[in-house]
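Worksheet: one structure, shown below.
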Amino acid sequence: MLPNIYEMSLLSDSQRLSTVLLFLFIEMFIDRAQSAASQAEIERHLEMGRDLLARGQLSDALTHYHAAVEGDPNNYLTYFKRGTVYLALGKAKFAVNDFSRVLELKPDFLAARAQRGQVYLKMGDFDSAEMDFMNVLRMDPNNDEINFQYGRIEPARDQWALCLDVIHRGDYTTAVALLTQLLEMCPWSVEIRETRAQAYIRIGDRLAAVSEYRSVNRLSLDSTEGYYTLSKLLYDLGDSAAALKEIRECLKLDPEHKDCFPFYKKIKKVDKVHTETQLALEEQRYKECAEYAEKLVKLEPDVPMIRYNGKQLLCSCMLKDEQYTAAVGRCREALDIYQDPEVMCDRAEALIGAEMYDDAIHQYREALDINDNLQRAKEGIERAQRLQKQAERRDYYKILGVKRSATKQEIVKAYRKAAQKWHPDNFQGDEKKVAEKKFIDVAAAKEVLTDPEKRRQFDAGEDPLDPEANRGFGGGNPFHHFQHGSPFQFKFHFT
């Protein structure tokens, strides 16, 4: 047991000297033992990192290289190994930092300088890449790989200048092609990718711009402007949920951001109503669904695709609620914003519900023009054709909603009610077209059922207003004016 301070004071000078030397020896022994243990731990991390790297498990390998760097922060080889992992993961900034640290510790390490030069080139930093490559070639002028990479810098500079010139002249399509070529050499360049994203926006390809800005944000790591721009693009595309996710990333970096915070509040409100509308539709609460959809349209009158979402959901809600006439119009309003073949099929189903089979078939065919593999449209055409064949013989009693034994007075009363309901002057747009057909059918029903002879023919299985069926009765069609031209070329009397 080592003596304490009091005991030391009782020792002679020679004894105290011997004791101090003993202390120093023990301390040195402990330090060496700890150092040996620490070095063994570092070697273990390096070995595991190499093993995981060989198996392609880069993220796991990186964890062990982190531990090795922390254990020995002055070992340039450990930094170099970690830098190569960062490089393989596409984490350019981190790779540059590690290679720069290597060169601080060992300035003549050419492999690190060559690697850093290649990262700079991929990042589009032509000046820094050129400097690193020149330094490598001074020491190793016959390095074929570095000579090749060095030779690519000047043409890349020229192409970047050409891209900027083409954009200045407003030729964004050509700019996209040139920038795409340049990005094959500089895939980690934030500036070049942002430029291509803006060019995509100019030519109307917002989906490509979204993809580009996602890459920009991955490369930038901390760009509030990138998240804000991406969120706006997604919102303009009608994807409020994805826009909300991106704007939250901006607020993580800056909770009071002057653009992101107010935009976040706006998107959150719109996305909440959108979600409530979809939920009401799924839960078959169709009346609430329609109310929410109307609210969504009013919330955002200035963004077409958000309005489209509201109109499309309104179309679906009314279709499911069997409000066919209204659904036809709402679906058309959605299609006026965006030609979605699924919405075309919704509208076709509403037209079938309104017994407008020719129009339904035409709408299904328009959907197939956009997506010729849309099975719903193919099956819809077959269904509409079957129903049309079944409906070719109109049931006049059903049209007026009266029994086959109804008196003339009951028939006239039912006619007045139906005619007032379906008078075309009460409707607009697509709904007016539905009403015109209904109005003609109502008038035809009254014409047949209030005329004893025509009613007798109908009850016998003949349609007196069908030209084909009427050939045996003198050939003419006494109601031909309802089947050609406008129904407003004559007057109807509710008597």
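Quantities reported herein were computed from a predicted structural model and do not represent experimental measurements.
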Are the side chains of [Y] and [X] in contact, using a 4.5 Å heavy-atom criterion?
| X | Y | answer |
| --- | --- | --- |
| Ile167 | Leu179 | yes |
| Tyr397 | Arg455 | yes |
| Glu276 | Lys272 | yes |
| Arg116 | Ser100 | yes |
| Glu410 | Lys413 | no |

Inset, instruction - Flag yes if more than 12 heavy atoms outside Lys320 fall under 6.0 Å of its NZ atom; otherwise flag no. - result: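 Count not over threshold, so no.
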Legend entry - Atom CD of Glu154: over 12 foreign heavy atoms under 6.0 Å: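 Count over threshold, so yes.
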Inset, instruction - Determine, stepwise, if the pair Tyr227 / Tyr213 fulfils side chain to side chain contact (heavy atoms under 4.5 Å, CB included). - result: CA-CA 8 Å; Tyr227 286 120; Tyr213 269 110; over 6 Å; no
Legend entry - Main-chain N/O of Glu342 paired with Asn371 side-chain donor or acceptor, under 3.5 Å: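 Not confirmed, Asn371 side chain does not pair with Glu342 backbone.
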Can you list the residues that meet the side-chain hydrogen bond (donor to acceptor under 3.5 Å, both in side chains) rule with [X], with sequence neighbours excluded?
| X | value |
| --- | --- |
| Arg152 | Gln149 |
| Thr180 | Arg196 |
| Arg218 | Ser215 |
| Arg332 | none |

Inset, instruction - Sorted by first residue and then second, give each ring-ring contact (aromatic ring centres under 6.0 Å, His included) pair with at least one member in residues 300-320; sequence neighbours left out. - result: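 Sorted result for residues 300-320: Tyr308-Tyr338.
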Inset, instruction - Hey, could you give me each pair passing ring-ring contact (aromatic ring centres under 6.0 Å, His included) that has a residue in residues 352-387? Not counting sequence neighbours. - result: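 ring-ring contact (aromatic ring centres under 6.0 Å, His included) check on residues 352-387 returns no pairs.
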Inset, instruction - In sequence, state the C-alpha distance, the side-chain angles, and the governing distance for Ile201 and Leu233, and then conclude on side chain to side chain contact (heavy atoms under 4.5 Å, CB included). - result: CA-CA 9 Å; Ile201 292 171; Leu233 277 171; 3.8 Å; yes
Please round to the nearest 0.5 Å and tell me the distance separating atom [atom1] of [X] and atom [atom2] of [Y].
| X | Y | atom1 | atom2 | answer |
| --- | --- | --- | --- | --- |
| Leu400 | Arg416 | CG | CZ | 12.5 Å |
| Cys331 | Asp336 | SG | CG | 11.0 Å |
| Ile361 | Arg383 | CD1 | CZ | 11.5 Å |

Legend entry - Side-chain H-bond candidate by donor/acceptor type, Asp358 with Gln388, under 3.5 Å: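 There is such a pair between these side chains.
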Inset, instruction - For Tyr120 and Asp127, test the side chains for any donor-to-acceptor distance below 3.5 angstrom and give the result as yes or no. - result: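 Asp127 and Tyr120 do not have a side-chain donor-acceptor pair below 3.5 Å.
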Inset, instruction - For Phe261, enumerate each residue passing the ring pair (Phe, Tyr, Trp, His ring centres under 6.0 Å) test, keeping only those at least two apart in sequence or located in another chain. - result: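 None.
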Give every residue pair that meets the salt bridge (charged side-chain N to carboxylate O under 4.0 Å, His left out) criterion with at least one member in [range], sequence neighbours excluded.
| range | answer |
| --- | --- |
| residues 361-370 | none |
| residues 162-178 | Asp165-Arg169 |
| residues 285-301 | Lys266-Glu300, Glu283-Arg285, Arg285-Glu288 |

Kindly list each side-chain donor-acceptor pair under 3.5 angstrom involving residues 82-97, sequence neighbours excluded, with atom names and distances?
from: Arg82; atom 1: NE; to: Asp98; atom 2: OD2; distance (Å): 2.7
from: Arg82; atom 1: NH1; to: His66; atom 2: ND1; distance (Å): 3.1
from: Arg82; atom 1: NH2; to: Asp98; atom 2: OD1; distance (Å): 2.9
from: Thr84; atom 1: OG1; to: Lys81; atom 2: O; distance (Å): 2.6
from: Asn97; atom 1: ND2; to: Lys93; atom 2: O; distance (Å): 3.3

Inset, instruction - List for me each residue that meets salt bridge (charged side-chain N to carboxylate O under 4.0 Å, His left out) alongside Asp359, sequence neighbours excluded, and say none if there are none. - result: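 Testing Asp359 for salt bridge (charged side-chain N to carboxylate O under 4.0 Å, His left out), a comparison that skips the adjacent residues, returns Lys433.
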